[in-house]
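Below is one structure; the comments refer to it alone.
In this text, all values refer to a predicted model and were calculated from it rather than measured experimentally. Just follow the structure's listing: the first ligand is 1, and inside any ligand the first atom is 1.
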Amino acid sequence: MAKIAVIGAGINGVMAARALAQAGHLVEVFERGAPMAQTSQASTKLLHGGLRYLETGDWRLVYEALAERSWWLEQAPHLTRQLPLLLPVYKGQGRARLLIKLGLSLYDRLAPRGWPKHHWWPAGKVLSAMPALSPHGLVGAFEFTDGQMDDLALGRWAADQLVALGAMIHSSSAVTSVDTQGRLICAGRAHQFDLICNLAGPWAAQLLKSSGVSMQADLRLVRGAHLVLSGAPEQGLLLQAPQDQRVFFVLPGMGRYAGMSIVGTTEAEQLLDDPIRISDAEQEYLATAFDHYFGAGSAQSRLVETYAGVRPLVRQSASANVNTREHHIESQGRLISVFGGKWTTARSLGLEVAQRAGQMLKD
Ligand SMILES: Cc1cc2nc3c(=O)[nH]c(=O)nc-3n(C[C@H](O)[C@H](O)[C@H](O)COP(=O)(O)OP(=O)(O)OC[C@H]3O[C@@H](n4cnc5c(N)ncnc54)[C@H](O)[C@@H]3O)c2cc1C
C-alpha cells in the first residue's frame, strides 16, 4: 500500500483518487477550495460521446466516451438520465442532411448495444412538438439520444463514494509547490508521499511552472460559456449557429436548473489570472444564435444567469494548430500530471492514472 496525494477535487481528481483507493492505496486529496466548485460544475452537463468529435476523427475518444456514458447512467440513475436531442435540418443552412445522417449512423454503431438509435422526424412533427422553433426552411430533424447529468450533484456523489472508500479530502488546502520526489507544500508545511498526482485541471500546468517542474504538453486554455434561460425547451436541441455553423446546445436543465434552458457553449481564449466569466461578445454570440431559432430578443428577455468554465486543450503537435479534448498524462520521478479530459471519461482517466501509478511504484 502506497501513500498517494491527489491535487484537485474536480471530477478527474476524484475519479483518479477513487481508482487509486480501489487499488488499495492510502489516498489524500488536496483541494484549494471546495470539491466540484470549478470546471466540473460549469459543464454543458452532457454525458456524451461528443457527436462533433467525429468530424475531427476522434473515433477512439467517442467510442470510449459512449461506453462511459452508459456506466454513469447505470451507477447513478438518480442524478442522470437519457436525453433525446433533436438536430434540426434547415434548407440551404449548415451541414448537409446526408452528412449528419452518416455521423449519427456511426455514433449509433460506436455505442454499446441497447442504446436508442437515431431516427428522422418530418418538419410537421418537429413543429407540433416545439411550436416556438423557427419553421422557415425547416426540412425536419434527426432525433438521437445522449446522456445528461446534474454535474455538481453527480460530482459530489462521486466524492462521497471516495470518502466511503477511506480516502481523505482536504478542502481549503491549496498546494503551493510540488517536486518529483513526492514532496508537496500546503499551508507552508511539507508533506512526503510515495507519489503525487497533479489533477488540478486548468491549473495543473501553472502549479508545475510555479514549482519549477518542466512539462512537455503544449496547452491552450479555452473558456466555454453558457446562458441559463427561464423555461425549459420541450426537447433538447443541437443547433448550428448561423454566424459560423458551430454547433451549440439548447437543453432542458435538471437538478438545480430544472425548469430552465441551458444554452451553450462558446470557445474563447482564457488567461488564468483573469476572472472566468462570460464576455459581452460571447453573450451576444449565444443570444444571437438562440434568437435566430426562437425570435429576436427571446434570449435576453428570459436570461436568468450565465456561467463559464475553462478547459485545457492539448495541442497534438507543437507545430500544428490542432487540439484534442483527450487527456494527456505525463510522469516524472514520483509525480504524475494530467492535462485535459472530459467529464464523461473521468472514470476511465482515473483507471489510467491508477495503472500508471502502479507501474511507477514498482519501478
Ligand atoms: C464549458 C465547458 C463545458 C463542458 N461540457 C462538458 C460536457 O457536457 N460533458 C463532458 O463530458 N465534459 C464537458 N466538459 C469537460 C469537463 O467539464 C472537464 O473535463 C472536467 O470538468 C475537468 O475536471 P477537472 O477535475 O480536470 O478540473 P476542475 O473541475 O477544474 O478541478 C480542478 C480542481 O483543482 C483545484 N486546484 C487547482 N489548483 C490547485 C492547487 N494548487 N491546490 C489544490 N487544488 C487545486 C481547483 O480548485 C479545482 O477544484 C466541459 C468543459 C467546459 C470548460
Side-chain angles (χ1 to χ4, degrees), residues 5-17 28-53 61-62 64-66 68-69 72 80 83 146-149 151-152 154-155 158-159 169-178 184-187 196-211 221-226 236 238 248-249 251 262 264-268 270 272 276 278 282 286 306-314 325-328 337-350 353:
V6 171
I7 303 170
I11 194 59
N12 285 330
V14 164
M15 295 309 278
E28 286 184 51
V29 182
F30 292 81
E31 164 55 53
R32 93 176 149 189
M36 301 298 149
Q38 298 295 333
T39 326
S40 298
Q41 57 90 48
S43 77
T44 308
K45 303 169 203 324
L46 286 170
L47 292 165
H48 64 158
L51 186 58
R52 62 192 163 141
Y53 305 139
L61 171 65
V62 175
E64 179 190 322
L66 289 176
E68 293 302 300
R69 173 182 73 179
W72 284 110
T80 62
L83 179 71
D146 248 323
Q148 192 183 28
M149 59 178 157
D151 55 5
L152 178 59
L154 186 60
I169 302 181
H170 306 293
S171 296
S172 307
S173 299
V175 173
T176 47
S177 173
V178 289
L184 64 75
I185 297 182
C186 175
I196 297 174
C197 300
N198 170 16
L199 286 113
W203 299 273
Q206 189 185 54
L207 177 60
L208 293 184
K209 204 170 164 199
S210 63
S211 305
L221 292 177
V222 176
R223 180 179 61 246
H226 294 83
L238 198 168
F248 72 102
F249 293 95
L251 303 175
I262 295 174
T265 180
T266 53
E267 284 195 12
Q270 171 81 37
L272 268 190
I276 301 171
I278 195 168
E282 286 168 286
L286 287 176
T306 61
Y307 66 83
V310 177
R311 48 177 128 225
L313 295 185
V314 185
R325 273 155 177 93
E326 284 194 79
H327 56 263
H328 172 77
S337 295
V338 176
F339 309 100
K342 278 167 64 85
W343 220 110
T344 310
T345 50
R347 181 189 74 126
S348 54
L349 182 148
V353 170

Any sub-3.5 Å donor-acceptor pair from [X]'s side-chain atoms to [Y]'s backbone N or O?
X	Y	value
Ser43	Lys45	yes
Ser171	Ala34	no
Ser40	Met36	no
Trp72	Thr344	yes
Glu31	Ala9	yes
Asn198	Ala204	yes
Thr265	Ala225	yes
Thr345	Ala65	no

Can you report which non-hydrogen protein atom sits closest to [atom], along with the distance?
atom	result
atom 33 (C) of ligand 1	Glu31 OE1, 3.6 Å
atom 27 (O) of ligand 1	Gly201 CA, 3.6 Å
atom 22 (C) of ligand 1	Asn12 ND2, 3.6 Å
atom 2 (C) of ligand 1	Arg311 NH2, 3.7 Å
atom 28 (P) of ligand 1	Thr39 OG1, 3.5 Å
atom 11 (O) of ligand 1	Thr344 OG1, 2.6 Å
atom 20 (C) of ligand 1	Ser40 OG, 3.9 Å
atom 5 (N) of ligand 1	Thr44 N, 3.0 Å

Select one of side chain, backbone, both or neither to describe which atoms of [X] lie under 4.0 Å from any atom of ligand 1, heavy atoms only.
X	result
Ile7	side chain
Gln41	neither
Asp151	neither

What are the atoms of ligand 1, with element, lying closer than 4.0 Å to any heavy atom of [X]?
X	result
Ser173	43 (C)
Leu46	7 (C), 8 (O), 9 (N), 10 (C), 11 (O)
Lys45	8 (O)
Gly341	19 (O)
Gly224	1 (C)
Gly309	53 (C)
Val175	40 (C), 41 (N), 42 (N), 43 (C)
Gln38	30 (O), 46 (C), 47 (O), 48 (C), 49 (O)

Looking only at distances, can you tell me whether any N or O atom of [X], backbone or side chain, sits closer than 3.5 Å to an N or O atom of ligand 1?
X	value
Arg32	yes
Trp203	no
Ala37	no
Ile11	yes
Trp343	yes

Restricting to non-hydrogen atoms, name the atom on [X] and the atom on [Y] that form the minimum distance, rounded to 0.1 Å.
X	Y	result
Val310	Pro202	O-CG, 3.4 Å
Ala308	Ile276	O-CG2, 3.7 Å
Gly264	Leu286	CA-CD2, 4.0 Å
Ala5	Phe30	CB-CE1, 4.0 Å

- Item | Residue selection (non-hydrogen contact nearest atom 31 (O) of ligand 1) among Gly10, Gly8, Gly33 | Gly10
- With the side chain counted from C-beta on, respond yes when Ile7 and Leu207 share a heavy-atom pair under 4.5 Å apart, and no when they do not. yes
- Task: Would you indicate whether the side-chain heavy atoms of Tyr307 and Gln41 approach each other to under 4.5 Å?
- Result: no
- Message: Given His48, which partner from the list Lys342, Arg69, Glu68, Gln148 fulfils the side chain to side chain donor-acceptor pair (under 3.5 Å) test?
- Response: Lys342
- Message: I'd like to know if Pro35 contacts ligand 1, where contact means a heavy-atom distance under 4.0 Å to any ligand atom.
- Response: no
